[in-house]
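Notes for the one structure printed next.
The structure displayed is predicted, hence computed values, not measured ones.
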Amino acid sequence: QVQLVESGGGLVQAGGSLRLSCAASGRTFSSYAMGWFRQAPGKEREFVAAISGSGGRIYYADSVKGRFTISRDNAKNMVYLQMNSLKPEDTAVYYCAADHGDIGTSDYRDYDYWGQGTQVTVSS
């Protein structure tokens, strides 16, 4: 079993930056692919980024390419999402998720464990 806890959300102005963190329990963190998803009120859950267990393969949604960077530190059981050039449409609750597979996908249905989320609000 894996427990995930997100942190780092907050309120920023458009063009600003935030760094989200996700702390994972367990001793086999490197065997899990990790993903970031987001959900705004009244919207479907949306894929943001994913990273394989080794960190060697990374995937981004087109909407965040060039602005967001996903990374992980397996020695610390941590995954991060650096968000730059934030836009009001990035406003959402951001969730990290873990997949037993070590590649990572953009489909939320493939993920086995989820954090409780952290709110990101970007003002215009």
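Two residues are said to be in side-chain contact when any heavy atoms from C-beta on lie closer than 4.5 Å; Tyr94 and Val48 meet this criterion.
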Evaluation steps, side chain to side chain contact (heavy atoms under 4.5 Å, CB included), between Trp36 and Val79: CA-CA 9 Å; Trp36 286 97; Val79 62; 3.9 Å; yes
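A ring-centre distance under 6.0 Å is not found for Tyr60 and Phe47.
Using the six-membered ring where Trp is involved, Tyr95 and Trp114 have ring planes that are perpendicular, over 60° apart on the 30 and 60° scheme. In this structure, Tyr113 and Tyr32 have perpendicular ring planes: the angle between them is above 60°, well past the 30° mark.
Residues Lys65 and Asp62 are paired through a salt bridge, judged by an N-O separation under 4.0 Å between the basic side chain and the carboxylate.
Residue Gln119 places its CD atom among more than 12 non-hydrogen atoms of other residues, nucleotides or ligands, all under 6.0 Å distant. When the shell of 6.0 Å around CD of Gln3 is examined, it contains 12 or fewer heavy atoms from other residues, nucleotides or ligands. Remark: Arg57 CZ is loosely packed, at most 12 non-hydrogen atoms of other residues, nucleotides or ligands lying under 6.0 Å away.
The heavy-atom pair separating Asn74 from Ser30 by the smallest distance is ND2-CB, 3.4 Å. A pairwise comparison of heavy atoms in Val2 and Ala24 identifies CG1-CB, 4.5 Å as the closest pair. Residues Thr91 and Val122 come closest through the heavy atom pair OG1-N, 2.9 Å.
Note: Ser124 OG to Glu89 CD = 10.0 Å, rounded to the nearest 0.5 Å.
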